[in-house]
Structure formats: structure tokens, C-alpha cells
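Worksheet: the structure to be examined is printed underneath.
Every chain is numbered from 1, with letters handed out A, B, ... down the list of sequences. If you're wondering where the values come from, they're calculated on a predicted model, not measured in any experiment.
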Amino acid sequence: MPRILPRSFYARPTVDVARALLGKLIVHDQAEGPRIGRIVETEAYLGASDPAAHAYRGMTPRTRVLFGPPGHAYVYLIYGMYHCLNVVAEKEGSSGCVLIRAIEPVENVASPGNGRAGNGPGKLTRALGITLQHYGADLTQGPLTIREPATKSAPFKIGVSPRIGIREAVDWPLRFFVTENPHVSRRR
DNA sequence: CCGCGGATCTTCT
DNA sequence: GAAGATCCGCGGA
């Protein structure tokens with residue numbers, strides 16, 4: 001099995017984690033077998049210094065996990081309908097996190113109908129079976145982990161752009177994606 | 001192709 | 001009580 005990323009991977013600046021997560025594998029073990037997707041798009045949310053971040057206004061019941069140790073999952077429900085998966089970064093006490101915005105299907109990730117399965121933050125959680133029950137899950141052990149691919153993937157270029165769907169700090173270049181990958185989310 | 005609105009509900013004010 | 005780190009389908013051009 002591919003190697004699980006250690007907690008030290010997440011205990012560094014949020015932007016570094018957001019870039020380093022590109023190409024890594026999200027593995028969700030299920031009874032029927034592991035669902036696996038390759039991360040191809042991320043966004044960095046910097047915490048206390050970032051007006052677009054959920055943690056910007058301080059700790060609430062929802063954002064509690066953001067202030068804890070790195071390498072845990074921050075899952076929340078958006079628009080009453082979709083879940084979004086974030087990875088807690090920085091050392092404990094800081095509240096930076098990385099939103100996973102798109103995956104490339106690798107294993108057991110079904111495409112519904114004609115659309116793609118993982119090209120959007122709400123769609124990839126549905127494809128991987130991630131829900132609020134994964135709030136706070138430790139990504140270095142247990143059924144939900146992030147891993148280094150077993151076989152080295154081909155080198156790729158990282159594209160940078162402003163983040164999508166936010167009202168504050170709209171120009172900050174904190175979205176990162178694998179260039180020319182068809183599973184990156186569509187432009188607005 | 002583009003823009004608009006509806007779905008749906010938790011969270012915080 | 002309103003807004004929200006979304007997505008899809010509809011209608012018009």
C-alpha cells in the first residue's frame with residue numbers, strides 16, 4: 001500500500017501544504033473496498049489573517065478542529081446540500097487549512113451519468129463518501145488517509161489563480177491546480 | 001455558450 | 001433570520 005503522509009507533512013505553512021498535496025492520494029476505506037482519488041486542485045485558507053477563511057472570526061463549535069493539531073479533516077456542510085473536505089495545516093494553535101477542490105478518479109469512484117465524479121469540492125466528497133461523520137478525523141491513521149502514490153507520477157506543472165466562490169480577499173493567489181488536467185473544476 | 005435561480009439546512013448574529 | 005469556500009438545469013441568444 002502507498003505510504004501514509006506523516007503529521008509533519010501538514011505542520012508547515014498552509015500554502016506549502018496546498019501545493020504539496022497536488023498529486024497525492026485520498027484513500028477512503030469502505031467495506032466494499034477503498035475509494036481512491038488523486039488530488040488535482042486545492043485552495044489555501046490562511047486562518048486569522050485571511051478574511052475569506054472560516055477561522056477568521058475566531059473559534060466556534062464548527063471551526064474548533066481548525067485550531068487543533070495538523071493532519072485532521074475539517075468537513076462542513078455548504079448550502080445545506082454539499083460537504084466540503086479541508087485538511088488542517090500549520091502547527092497547533094494556528095488555523096490554516098487546505099480545501100480539496102478536485103480529484104482525479106483512481107479506484108471505486110463512480111461517475112454519475114455523463115458528468116465527472118470529482119471536479120468540484122461538493123462532488124468529490126459525494127464520490128468518496130465523505131460526510132460530517134468525518135469531521136475531525138485523523139488523516140494519518142484510520143479509514144480516511146492521504147498517501148504518497150506507490151508509483152511515481154509523471155511530473156506536472158502547478159497553476160495558480162484566485163480562489164473560487166468567495167466574497168473576501170478575492171484576488172489572493174491561493175488556488176493551486178495541476179495544469180492541463182481534465183478533472184480540475186470548471187471555470188466560472 | 002451564458003446567466004440566472006432553486007434546492008436545502010447548519011451556523012452564527 | 002440571513003447567508004453561505006456548490007451544483008445543476010433551465011431558458012434565451
Side-chain angles (χ1 to χ4, degrees), chain A residues 10 13-22 24 26 28 35 37 39-68 70-90 94-105 109-137 139 144 146 158-178 181-188:
Chain A
Y10 304 99
T14 304
V15 168
D16 293 356
V17 176
R19 301 181 71 108
L21 279 173
L22 295 176
K24 300 299 189 286
I26 302 178
H28 186 202
R35 300 194 198 184
I39 299 172
V40 296
E41 180 178 349
T42 62
E43 281 178 359
Y45 287 86
L46 306 183
S49 63
D50 180 359
H54 286 171
Y56 180 63
R57 297 173 195 287
M59 184 159 53
T60 67
R62 182 177 65 158
T63 61
R64 174 182 51 82
V65 70
L66 292 173
F67 294 82
H72 290 255
Y74 168 52
V75 182
Y76 68 94
L77 185 66
I78 185 67
Y79 299 121
M81 209 171 302
Y82 298 100
H83 300 281
C84 287
L85 171 64
N86 296 251
V87 174
V88 178
E90 309 264 358
S94 301
S95 53
C97 70
V98 177
L99 170 68
I100 310 300
R101 277 199 61 90
I103 58 167
E104 172 184 322
V109 174
S111 308
N114 36 5
R116 293 191 186 281
N119 64 333
K123 294 165 74 177
L124 75 89
T125 52
R126 192 180 54 186
L128 291 171
I130 293 171
T131 67
L132 282 180
Q133 76 177 10
H134 296 95
Y135 180 91
L139 299 172
L144 183 63
I146 301 182
I158 297 178
V160 183
S161 85
R163 293 172 291 184
I164 292 178
I166 54 172
R167 304 299 297 261
E168 307 287 335
V170 293
D171 293 330
W172 296 16
L174 294 179
R175 171 175 174 258
F176 307 96
F177 55 95
V178 175
N181 184 291
H183 301 277
V184 168
S185 65
R186 300 181 302 188
R187 286 277 268 181
R188 282 181 294 181

Where DNA chain C forms stems, i.e. three or more consecutive Watson-Crick or G-U pairs with both distances under 3.5 Å: B:1-7 with C:6-12, B:9-12 with C:1-4
Nucleotide C:dA3, atom P - distance to NE2 of A:His54 in whole Å: 15 Å
Nucleic acid contacts - residues 72-83 of chain A versus DNA chain B, non-hydrogen atoms under 4.0 Å: A:Leu77, A:Tyr79, A:Gly80, A:Met81
Table of protein N/O atoms under 3.5 Å from nucleotides 11-13 of chain B N/O atoms:
unit_1, atom_1, unit_2, atom_2, d
B:dC12, OP1, A:Thr60, OG1, 2.1

Toward the 5' end of DNA chain C, by each residue's nearest nucleotide, A:Arg167 or A:Gly122: A:Arg167
Lys/Arg cation over aromatic A:Tyr45: A:Arg163, 6.0 Å, 45° cone: yes
Under 3.5 Å donor-acceptor, A:Thr42 side chain and A:Val98 backbone: no
With A:Thr125 via side chain to side chain donor-acceptor pair (under 3.5 Å) - residues at least two apart: none
Side chain to side chain donor-acceptor pair (under 3.5 Å) partners for A:Thr60, two or more places apart: A:Thr63
Protein-nucleotide distance (A:Arg126, atom CZ; C:dC8, atom C1'), rounded to Å: 10 Å
Rounded interatomic separation in angstrom, taking NZ from A:Lys123 and C1' from C:dG9: 13 Å
Residue pair A:Val75 / A:Thr131, side-chain heavy-atom distance below 4.5 Å: no
Any side-chain heavy-atom pair of A:Phe176 and A:Leu21 under 4.5 Å: no
Side-chain touch A:Arg175/A:Val184, heavy atoms, less than 4.5 angstrom: yes
4.5 Å side-chain heavy-atom contact, A:His134 and A:His28: yes
Separation of C:dG4 P from A:Leu99 CG (nearest whole Å): 16 Å
A:Phe67, CZ atom: more than 12 neighbouring heavy atoms under 6.0 Å: yes
Among A:Leu85, A:Asn119, A:Ile26, A:Val40, side-chain contact (heavy atoms from CB on, under 4.5 Å) partner for A:Ile103: A:Ile26
Contacts of type salt bridge (Lys or Arg N to Asp or Glu O under 4.0 Å), residue A:Arg101, not counting sequence neighbours: A:Glu41, A:Glu43
